[in-house]
2 protein chains.
Amino acid sequence: MLEAKLAEAGTLKKLLDAIKELVTDANFECNEEGLNLQAMDNSHVALVAVHLEAAGFKRYRCDRPMPLGVNLSSLTKVLKCAKDDDECTLKAADEADVLNLVYEAKNSDRIAEYDMKLMDIDSDTLGIPDTDYDAEVTMPSAEFARIVRDLSALGESVRIEVSKEGVRFASEGESANGSILLKKDGEPDRVLTDKEKKAQKARERGEEPEEDDEEEGDEPKEKKIKKEKVKKEKDVDEDVEMDQEEKDEEEFKANSDDEEEKSEAGDDDEERAARSGRKRQTARPSLPRKPKRPRVRERRTRRTSPALFNFGMNSHVSLTFSLKYLVNFSKSTSLTNTVQLRMSNEVPLLVDYDFGQGFVRYYLAPKIGDE
Amino acid sequence: MLEAKLAEAGTLKKLLDAIKELVTDANFECNEEGLNLQAMDNSHVALVAVHLEAAGFKRYRCDRPMPLGVNLSSLTKVLKCAKDDDECTLKAADEADVLNLVYEAKNSDRIAEYDMKLMDIDSDTLGIPDTDYDAEVTMPSAEFARIVRDLSALGESVRIEVSKEGVRFASEGESANGSILLKKDGEPDRVLTDKEKKAQKARERGEEPEEDDEEEGDEPKEKKIKKEKVKKEKDVDEDVEMDQEEKDEEEFKANSDDEEEKSEAGDDDEERAARSGRKRQTARPSLPRKPKRPRVRERRTRRTSPALFNFGMNSHVSLTFSLKYLVNFSKSTSLTNTVQLRMSNEVPLLVDYDFGQGFVRYYLAPKIGDE
DNA sequence: TCGCAAATGT
DNA sequence: ACATTTGCGA
């Protein structure tokens, strides 16, 4: 059975808002490490991968892996019945055919409980290759959203080009062409490999070289360049926002936040494989239960406002994408202040929204030629 | 070639929002004095004239006059890609078939550049006669907007009547009639001729009687008028802004504001009385509204108080107009705090929104009989 | 989170 | 052509 208590129902609501237009039905694969969802969009052009870490929940228990086949519209409806700051507990018995959701208002005696029917969904869980990209751009998620929204008013597609000059988004339309250039001071950094990043993160966290990151734990090359970058940005964020919440562990925690997740995500290939192996779609039993949710120590509120822009490149990259999809991806903006774009020529773009308790990643194949 | 840099892209955005529903394509005529646009609305009932003065730009250069045929929808789209406070530079080569727009965020390394296709438009630039009107009403633009919007819910047309009693807007509908009377203390002023106005403005400015306006003595009335008007409104704007910051003139403020501001009015008996009067009206929508009453006297107008309401008349004027158009005109409200209505019997109404860097003027022929 | 505008359906 | 609903922006 699954029992997972989230401190803020708002997290789930935002998550659903972000993906529900792209995907109508999907399996939430539950296992001891958390919840994962992976699905092609309805037109099978883009791929969405969501991960909610077990550690991001206030309480998390999953006895054995199971898929929960959810109609996202239904789940959205049910989630609308929760206030953003309600604690939200998801429960499902083994073989359950319903998902039980309990909302508890933080300071009241109000407890709402919903049972949502589950469905059997053929999951075509595709492995996502763990790629090293030639260019990585980290920017404020709101700015990315603005750019793709603006350009989508002009044309159908956008060419994203990363060069020493900066990052350029250019679109051509019938009545107008547009081009936005984001520059940064200094040279672009080199892009780290995943391993390097892992090591780097670990270092930032104060952990030494080895960790839990493991599976392939062989060659932790690390990169510091990246690290510094990250640090810098976080500091900025914290200054800006953290005051509002708590001050104490900011540095430490903040650092570990965001990118930490990334690395984990990177490694979850193993998990993914495992999961997909297990994957079966069965009916789920229903059961209700309610949890309560304390307020978690999410330092993760990290916010961004200012210069969260940075990029690195190993080689010049120029790719063209459908703006329609990018605009859709940018619905995840409310989840976190920064977004990371990772690209290599002729390879699908990865748009990565990494928030405290997990991530939403979108993959989109580039257009070829000049369609 | 043309190169014009506007400090705030927002100015252009508002301008376009104001006129784009009335006109779909128009020539922006560029010359050394600035940009001008003149067009009949799509149904050829109303006429719109826009002027942006060269002096209102941060930089302005136009080697030789040329028309830029613009599709306003396209321009609107392109302008949506600018943030309101971006600097916006318009560039067009001689004989160019594109207009180049560059947006520079004030504090960042973001530069966006757009090329918008131009079109050839037959310009039927009609001369607008330079008329002396029998009645002139200056009022808060928001109030005008409110009045025409309110009345448009009742009927198709509004009769605007200027008499010694005040300015009345009256509409008759199937289920209700409405009438709003705006009064002012004292007698209406006489409407000055253009020349007189010039002189008056100069005096108010502290300048003595002669001005620079003079180029050609008599005929260029239009020009002069414009100039003065511009000046005047600048004063107005400043005053208004000041009010928001400094408190001393709050009386004025209360007067000039609309119903919405009730809460603020609370501190003064007189105001309270006035308010209760208004409230009653609110309860019965079909009754005539009460006049707001500026307790400002003219003199103040000049300096501090843009009395936001004032009027002058040489003879009784009563004209009927289509509310649909007036509602449309009132989209210009965001450009400036005051609007001026100028009327003579049987002559098209002039609705004049004069903002710091130029103006938008609408002309609308009165209805005849009781259509 | 609320309001305004644009797009779609009746 | 008008009204309603959805999406986007402030």
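Numbered from 1 within each chain, the chains take letters A, B, ... in sequence-line order. None of the values given here were measured: they were computed from a predicted structure.
- Between B/Tyr362 and B/Tyr353, the ring planes lie perpendicular to each other; the angle is over 60°, past the 30° to 60° tilted range.
- Of the residues A/Val351, A/Asn328, A/Leu326, A/Leu350, the one that meets the side-chain contact (heavy atoms from CB on, under 4.5 Å) test with A/Leu364 is A/Leu326.
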For nucleotides 6-10 of chain D, tabulate all protein N/O to nucleotide N/O atom pairs closer than 3.5 Å, reporting atom names and distance.
from  : atom 1 : to       : atom 2 : distance (Å)
D/dG7 : OP1    : A/Glu21  : OE2    : 3.3
D/dG9 : OP1    : A/Arg149 : NE     : 3.3
D/dG9 : OP1    : A/Arg149 : NH1    : 2.5
D/dG9 : OP2    : A/Arg149 : NE     : 2.7
D/dG9 : OP2    : A/Arg149 : NH1    : 3.3

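- Remark: P of C/dT1 and CG of A/Asp85 are 9 Å apart, rounded to the nearest angstrom.
- B/Asn100 and B/Glu113 form a side-chain donor-acceptor contact under 3.5 Å, judged by distance and modelled atom types alone.
- Within 6.0 Å of NZ on A/Lys83 lie no more than 12 heavy atoms contributed by other residues, nucleotides or ligands.
- Between A/Lys324 and A/Glu156, no side-chain nitrogen of the basic residue sits less than 4.0 Å from a carboxylate oxygen of the acidic one, so the salt-bridge criterion is not met.
- When every heavy atom of A/Phe321 is checked against every heavy atom of A/Ala365, the shortest pair comes out as CD2-O, 3.8 Å.
- Between A/Asp85 and A/Lys106 there is no salt bridge, since none of the side-chain N atoms of the basic residue sits less than 4.0 Å from a carboxylate O of the acidic one.
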Can you tabulate the close N/O pairs, meaning under 3.5 Å, that link protein atoms to atoms of nucleotides 2-5 of chain D?
none

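- Scored by the ring-ring contact (aromatic ring centres under 6.0 Å, His included) test, A/Phe169 finds no partners at all (sequence neighbours excluded).
- One can place CG of B/Leu16 at 17 Å from C1' of C/dA6, the figure rounded to the nearest angstrom.
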